[in-house]
Amino acid sequence: MLLMPKRVKYRKLQRGNRRGIATRGCNLTFGEFGLKVLENGWIKNNQIEAVRVVLARQLHKGGRMWIRIFPDKSITKKPAEVRMGKGKGDLDHWVCVVKRGRILFELGGVPEEYARQCFRMAAYKMPLRTKFITRAHK
């Protein structure tokens, strides 16, 4: 069950920029523990899904998980060995643009050491460097 928008106004988007610091979505809102991203970049929908699966398996014993990002940017790609021109390529996958400081995932209802262990496993699936944060020190 990969995340993607149900419908979008424009099918193909320009690349945009990935500079700056997150001003929104940079505080813990739902849970006690969070995974904060330390660099700017794109996170693919299958990478978000991989983390969701890892955290869901870990939280079978209890606890709650929140996904704070959504892939709403389409990325296109032209097939291999195709000549230049003939328009923009077909839709390949969806990404979420994240800026440093953004909270990616939150956990609640679990002990801190267990949350730290869960997020360590989740961090292996992420393409960017991340940091474990708690409500106390943000």
Side-chain angles (χ1 to χ4, degrees):
M1 175 217 111
L2 288 176
L3 292 172
M4 67 177 68
K6 284 193 182 82
R7 52 190 292 274
V8 289
K9 190 167 183 181
Y10 299 109
R11 240 168 13 113
K12 298 174 181 180
L13 298 172
Q14 294 187 340
R15 290 174 68 82
N17 82 36
R18 295 181 246 185
R19 294 185 302 236
I21 303 172
T23 54
R24 298 163 65 112
C26 49
N27 295 320
L28 287 173
T29 310
F30 304 103
E32 292 97 59
F33 312 106
L35 193 66
K36 180 182 267 197
V37 70
L38 299 176
E39 351 179 73
N40 300 337
W42 289 345
I43 299 178
K44 292 183 183 180
N45 54 355
N46 59 349
Q47 292 164 337
I48 297 170
E49 176 66 11
V51 172
R52 187 194 68 78
V53 168
V54 163
L55 292 178
R57 283 190 181 146
Q58 292 297 311
L59 293 176
H60 263 304
K61 301 168 185 74
R64 181 98 195 270
M65 167 185 58
W66 291 269
I67 302 174
R68 297 281 309 273
I69 53 175
F70 186 80
D72 55 358
K73 182 185 184 70
S74 59
I75 302 299
T76 61
K77 192 164 190 161
K78 291 177 81 95
E81 299 177 15
V82 171
R83 290 184 181 185
M84 291 279 111
K86 303 281 189 288
K88 196 167 163 80
D90 292 327
L91 189 116
D92 186 48
H93 59 272
W94 295 87
V95 297
C96 172
V97 180
V98 293
K99 298 189 174 181
R100 64 186 196 269
R102 179 77 192 238
I103 305 288
L104 305 178
F105 300 92
E106 291 188 28
L107 287 180
V110 291
E112 180 173 346
E113 203 46 52
Y114 190 69
R116 204 176 278 276
Q117 176 189 332
C118 292
F119 279 141
R120 187 179 303 116
M121 293 171 78
Y124 289 130
K125 306 286 183 187
M126 284 282 112
L128 307 169
R129 287 185 307 118
T130 57
K131 177 184 177 184
F132 176 82
I133 60 164
T134 62
R135 263 208 198 279
H137 96 328
K138 291 184 184 172

Enquirer: List for me each residue that meets salt bridge (charged side-chain N to carboxylate O under 4.0 Å, His left out) alongside Arg18, sequence neighbours excluded, and say none if there are none.
Expert: none
Enquirer: Is it possible for you to say whether Val95 and Leu104 belong to one hydrophobic cluster, with membership spreading through side-chain heavy-atom contacts below 4.5 Å?
Expert: no
Enquirer: Closer than 4.0 angstrom, basic N to acidic O: yes or no for Glu39 and Arg129?
Expert: yes
Enquirer: Counting neighbours of NZ on Lys77 that are heavy atoms of other residues, nucleotides or ligands and sit closer than 6.0 Å, is the number greater than 12?
Expert: no
Enquirer: Would you say Gln47 and Trp42 make side-chain contact, with heavy atoms under 4.5 Å?
Expert: no
Enquirer: Does some side-chain heavy atom of Asn46 sit less than 4.5 Å from a side-chain heavy atom of Leu2?
Expert: yes
Enquirer: Applying side-chain hydrogen bond (donor to acceptor under 3.5 Å, both in side chains), which residue pairs with at least one partner in residues 96-108 are found, sequence neighbours left out?
Expert: Arg68-Glu106
Enquirer: Taking the side chain as C-beta and beyond, is there a heavy-atom pair between Ile69 and Leu3 under 4.5 Å?
Expert: no
Enquirer: Answer with yes or no whether the hydrophobic clustering places Val51 together with Leu128; edges join I, L, V, M, F, W, Y residues whose side-chain heavy atoms lie under 4.5 Å apart.
Expert: yes
Enquirer: Restricting to ring pair (Phe, Tyr, Trp, His ring centres under 6.0 Å), what partner residues turn up for Phe33, sequence neighbours left out?
Expert: Phe132
Enquirer: Would you compute the distance between atom CZ of Arg64 and atom CG of Leu107 and round it to the nearest 0.5 angstrom?
Expert: 11.0 Å
Enquirer: Same cluster for Leu91 and Val8 if Ile/Leu/Val/Met/Phe/Trp/Tyr side chains link at under 4.5 Å?
Expert: yes
Enquirer: Throw together a table of side-chain donor-acceptor distances under 3.5 angstrom for residues 111-127, partners on residues two or more places apart or in other chains.
Expert:
| from | atom 1 | to | atom 2 | distance (Å) |
| --- | --- | --- | --- | --- |
| Glu112 | OE2 | Arg116 | NH2 | 2.9 |
| Tyr114 | OH | Gln58 | O | 2.3 |

Enquirer: If you link I, L, V, M, F, W and Y whenever their side-chain heavy atoms are under 4.5 Å apart, who else ends up in the same group as Trp66?
Expert: Phe30
Enquirer: What's the separation between atom NZ in Lys9 and atom CZ in Arg7, rounded to the nearest 0.5 Å?
Expert: 10.0 Å
Enquirer: Of the non-hydrogen atoms in Val97 and Lys73, which two are nearest, and what is the gap between them?
Expert: CG2-CD, 3.6 Å
Enquirer: Ile67 and Leu55: same hydrophobic cluster, using ILVMFWY side-chain contacts below 4.5 Å?
Expert: yes
Enquirer: What is the minimum heavy-atom distance between Gly101 and Cys26, and which atoms define it?
Expert: O-CB, 3.2 Å
Enquirer: Ile103 and Ile133: side chain to side chain contact (heavy atoms under 4.5 Å, CB included), yes or no, with the steps?
Expert: CA-CA 9 Å; Ile103 305 288; Ile133 60 164; 3.2 Å; yes
Enquirer: Sub-3.5 Å donor-acceptor pair from the side chain of Lys78 to the main-chain atoms of Gly87, do we have one?
Expert: yes
Enquirer: Donor-acceptor pair, Arg135 side chain versus Leu28 backbone, under 3.5 Å?
Expert: yes
Enquirer: Starting at NZ of Lys88, measure out to OG1 of Thr76 and round the result to the nearest 0.5 Å.
Expert: 3.5 Å
Enquirer: Please report the interatomic distance CG(Leu59) to CZ(Arg52), rounded to the nearest 0.5 Å.
Expert: 11.5 Å
Enquirer: Is there any ring-ring contact (aromatic ring centres under 6.0 Å, His included) pair reaching into residues 69-110, and which pairs are they, with sequence neighbours excluded?
Expert: none
Enquirer: Under a 3.5 Å distance rule, please check whether Thr23 uses its side chain to pair with a backbone N or O of Ile21 as donor and acceptor.
Expert: no
Enquirer: Measure across Pro71 and Asn45 and return the closest heavy-atom pair with its distance rounded to 0.1 Å.
Expert: CG-CB, 3.7 Å
Enquirer: At their closest point, which heavy atom of Thr130 faces which heavy atom of Leu35, and how far apart are they?
Expert: OG1-CD1, 3.7 Å
